[in-house]
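Down below is the structure, laid out as C-alpha cells.
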Amino acid sequence: MSSTTPPPQPASLTGRLQLSLGPVLFYWTRERYASFYREAADWPVEIVTLGETVCSRRRDMKLDDWLGIGRELSQAGKQVVLASQTLIESEADLRDLRKLCDNGDFIVEANDQSALQRLSSAGLPFIAGAALNLYNPATLGVMARAGMQRWQAPVEMSQKDLARLINDSQQADVTQPCEVFAYGHLPLAWSSRCFTARRHQKPKDRCKFVCQKYPEGLVLRSQESRDVFTLNGIQTLSSACQDLRHVLGDMAKMDVSVARLSPRAEGMADVVNAFDQARHGRLPTPDPLTLVDAEICDGYWYGRPGMDNTHTMID
C-alpha cells in the first residue's frame, strides 16, 4: 500500500459506549507483550492501541512486531490503532515516526505535532491523542479539517467542561467522536530527563533499561510518605489509578463514544470485564470501585484535585 493511501478508517462509533485498550505505557519484555495481547484478543474491547509512546530507547519491539500483533488483533475483530511517541528528541525518532505514519495498514494516533504534520500533509486520517491538548471547538475544527477521526479529551478535563466542549463542537458541526481516559495511571508529564535512570544513578543514554524492572512504574512518595506519582522513565504518571466505571452512563449521555483503559501488568482482564459490565448498567455492590491492588482516584472528572477519590467522598 502506498504511504499516501489512507489506511482503514475507524468504524462508526455511534450507539453504545465502546471500550478501548490504550498502549502499554510501561517497558515490558517481548514475551510479556505477546502474552498480554494474546489474552486481549478475547477481551470485550472494540479498539486496541499499540506502540511505544514513551521512550525510543525501548527497542525490544520493532514496528514490524507491532504490525504483526495488530494483524492478529484485527483478525480477532478488533479495531487497531498505532500510537506515536509523545516526545520526539532526535532525528532517529523522526525516522521511526515517518515509518509509523506510513505503515499503510492501521490508522495512527498522533501524540505530538510532528506526527500531526506528517499525517495531515500526507492526507492520512488520524486519531488525536490526549497529549495534543485539545480544549476548544475552534481547535477541534482545525483538526477535523486536517483529517482527525476521533479525539481524546485531556486527562485533567472535568465532566462539566467536557460536556460543554462536546456540545459546542457539535453546534459548530464538529462531530468526530470523543474518547475519555477512564482507567489507569494518568499520564501527567514528559521530560527529556529519565527519572528512573536517575533513581539508579545512571545517565539516560546508558540506563541499562532499568525501567524494565518496574512493569507498573516506580512509586514516588511525598515527605509525608503518601504515594503521589508513578515514575516511568521520562514519563510521570499519577500514583493512583483513575477509575470512572461509575460514570460510564453519564459519558454515554454526553456523547462520549469511547472509554480508554490503560494496561496494567496484573489484573487487566478483571478491569476490562468490570468495565464491560458497567457499560451495560451492572455495577457490583457494595464496593463498585474495588478492582485490583491499587489506590483509586477520579478527582479531575469532578473538577477537583486529580488524586481525590471523589466517589468515595460522596458516598
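These values consider heavy atoms only, across backbone and side chains, with no hydrogens, waters or symmetry-generated copies. Throughout, residue positions are numbered sequentially from 1 according to the sequence presented.
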Joint hydrophobic cluster, Val80 plus Leu63, side-chain heavy atoms closer than 4.5 Å: yes
Would you say Leu97 and Leu87 are hydrophobically clustered, going by side-chain heavy atoms of ILVMFWY under 4.5 Å? no
Between Asp205 and Arg57, does any side-chain N to carboxylate O distance fall below 4.0 Å? no
Do Trp66 and Tyr33 have their ring centres less than 6.0 Å from each other? yes
Heavy-atom closest pair (Ala153 atom, Ala130 atom, distance to 0.1 Å) is O-CB, 3.6 Å
I'd like to know if the side chain of Arg264 pairs up with that of Tyr183 as donor and acceptor (distance under 3.5 Å, no hydrogens or angles considered). yes
Charged N to carboxylate O below 4.0 Å: is that the case for Asp102 and Lys99? no
Closest heavy-atom pair and its distance - Thr53, Asn111: CG2-ND2, 4.1 Å
Please determine whether a side-chain nitrogen of the Lys or Arg among Arg30 and Asp60 lies less than 4.0 Å from a carboxylate oxygen of the Asp or Glu. no
Determine whether more than 12 heavy atoms belonging to other residues, nucleotides or ligands lie under 6.0 Å from atom CZ of Arg199. no
Under a 3.5 Å distance rule, please check whether Asp276 uses its side chain to pair with a backbone N or O of Val272 as donor and acceptor. no
Output every pair passing salt bridge (Lys or Arg N to Asp or Glu O under 4.0 Å) with a member in residues 155-173, not counting sequence neighbours, ordered by first then second residue. Asp161-Arg164
Check this for me: does any side-chain nitrogen of one of Asp64 and Lys62 sit under 4.0 Å from a carboxylate oxygen of the other? no
Report yes or no: do Gln170 and Asp255 form a side-chain donor-acceptor pair below 3.5 Å? yes
Contact summary for Leu19 and Val258, nearest pair of heavy atoms: C-CG1, 4.4 Å
Hey, mind stepping through Asp93 and Ser56 against side-chain hydrogen bond (donor to acceptor under 3.5 Å, both in side chains) and telling me if it holds? CA-CA 7 Å; Asp93 289 351; Ser56 61; 3.0 Å; yes
Heavy-atom check, side chain of Arg198 versus side chain of Arg193, under 4.5 Å: yes
Taking all non-hydrogen atoms of both residues into account, name the closest pair between Pro125 and Ile107 and its distance. O-CG1, 3.5 Å
Hey, are the side chains of Leu186 and Tyr300 touching, using non-hydrogen atoms and a 4.5 Å cut-off? yes
Interatomic distance, Met157 atom CE to Leu165 atom CG [nearest 0.5 angstrom]: 5.0 Å
Taking side chain as C-beta onward, heavy atoms only, is Val108 less than 4.5 Å from Ile127? no
Minimum heavy-atom separation for Ala182 to Ala259, with atom names? CB-CB, 3.8 Å
For Gln212 and Thr29, test the side chains for any donor-to-acceptor distance below 3.5 angstrom and give the result as yes or no. no
Hey, could you give me the CZ/CG distance between Arg95 and Leu100, rounded to the nearest 0.5 Å? 15.0 Å
Determine whether the side chains of Ser114 and Asp112 contain a donor N or O and an acceptor N or O closer than 3.5 Å. yes
Can you confirm whether more than 12 heavy atoms, excluding those of Gln201, are under 6.0 Å from its CD atom? no
Answer yes or no: does atom CZ of Arg206 have more than 12 heavy-atom neighbours from other residues, nucleotides or ligands under 6.0 Å? no
Spacing of Lys204 atom NZ and Cys55 atom SG [to the nearest 0.5 Å]: 6.0 Å
Distance alone, cut at 3.5 Å: any donor-acceptor contact between the side chains of Trp301 and Gln159? yes
Before we go on, tell me: are the rings of Trp43 and Phe36 under 6.0 Å apart, centre to centre? yes
CZ of Arg38 to CD1 of Ile69, rounded to nearest 0.5 Å, is 9.0 Å
For Tyr214, give me all partners under ring-ring contact (aromatic ring centres under 6.0 Å, His included), at least two apart in sequence or on another chain. His200
Treating Ile, Leu, Val, Met, Phe, Trp and Tyr as nodes and any side-chain heavy-atom pair under 4.5 angstrom as an edge, say whether Leu188 and Leu231 lie in one connected cluster. yes
If I take atom OG from residue Ser262 and atom CG from residue Leu237, how far apart are they, to the nearest 0.5 angstrom? 7.5 Å
Set out, in order, the CA-CA distance, both residues' side-chain angles and the distance that settles side-chain contact (heavy atoms from CB on, under 4.5 Å) for Leu218 and Thr230, then state yes or no. CA-CA 5 Å; Leu218 178 63; Thr230 298; 6.0 Å; no
Under a 4.5 Å side-chain heavy-atom rule over Ile, Leu, Val, Met, Phe, Trp and Tyr, are Phe181 and Leu134 clustered together? no
Test your reading of the model: is there a side-chain donor-acceptor pair from Asn103 to the backbone of Asp105, 3.5 Å cut-off? yes
Under 3.5 Å side-chain donor-acceptor pair for Gln152 and Glu109: yes
Pairwise side-chain contact, Gln176 with Met143, heavy-atom cut-off 4.5 Å (strictly under): no
Only one of Lys78, Arg16, Arg260 passes salt bridge (Lys or Arg N to Asp or Glu O under 4.0 Å) with Glu46, and that residue is Arg16
Asn232 versus Tyr27, side-chain donor and acceptor atoms under 3.5 Å: no
Under a single-linkage definition using a 4.5 Å side-chain heavy-atom cutoff for Ile, Leu, Val, Met, Phe, Trp and Tyr, are Trp190 and Leu220 assigned to the same hydrophobic cluster? no
Can you tell me how far NE2 of His185 sits from OG of Ser239, rounded to the nearest 0.5 angstrom? 7.0 Å
